[in-house]
Amino acid sequence: RFDGIWTGFNVTGEEAAHYVDLLGRLAMMMSDPQTQTRVTPDPGDDYLVLLARATGIHYVVSGDAHLTRLRGVLPSVLTPRAFLELLERE
């Protein structure tokens, strides 16, 4: 079911299914915030930072350069690699 989607990630369909199942059990679904505040250079990314603030998370994990280049934004935006390195240190 997930084989075609995950080909660029070097994971098997079984591993992908396990990951999706895990996300489904652990994720918290939230509605997008209604505010129109600009916080990123890309208006399409603003909702991610605003949603993260509204839910009180500690980090946004993204590979999007519009987000990863932001400085002084809370919560902090980390690349997936930087987030994994943070987890390994803790």
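Remember, it's a predicted structure, so these values are computed and weren't measured experimentally.
Thr55 contributes atom OG1, which lies 10.0 Å from atom NE2 of His58 (distance to the nearest 0.5 angstrom). Distance OG1/Thr79 to CG/Asp64: 12.0 Å, rounded to 0.5 Å.
Residues Val39 and Leu48 share a single hydrophobic cluster, defined by chaining ILVMFWY side chains whose heavy atoms lie under 4.5 Å apart. Both Tyr47 and Val77 belong to a single network of hydrophobic side chains, linked directly or stepwise wherever heavy atoms of I, L, V, M, F, W or Y lie under 4.5 Å apart. A continuous path of hydrophobic side-chain contacts links Ile57 to Leu50 [ILVMFWY only; heavy atoms under 4.5 Å].
Between the side chain of Asp42 and the backbone N or O of His66, no donor-acceptor pair lies under 3.5 Å. A donor-acceptor pair is defined here as one N or O able to donate and one able to accept, closer than 3.5 Å; no such pair exists between the side chain of Arg81 and the backbone of Leu84.
Using a 4.5 Å cut-off between side-chain heavy atoms of Ile, Leu, Val, Met, Phe, Trp and Tyr, Leu51 falls into a hydrophobic cluster with Met28, Met30.
Applying the side-chain hydrogen bond (donor to acceptor under 3.5 Å, both in side chains) test to Asp45 and every residue at least two apart in sequence or in another chain returns nothing.
Minimum interatomic distance between Ala52 and Val60 (heavy atoms only, all atoms of both residues): CB-CG2, 3.6 Å. Listed here is the closest heavy atom pair of Leu74 and Arg53: O-NE, 2.6 Å.
Considering only heavy atoms from C-beta on, Leu70 stays 4.5 Å or farther from Ser76 through its side chain. Counting only heavy atoms from C-beta outward, the side chains of Pro75 and Tyr59 never approach each other to under 4.5 Å.
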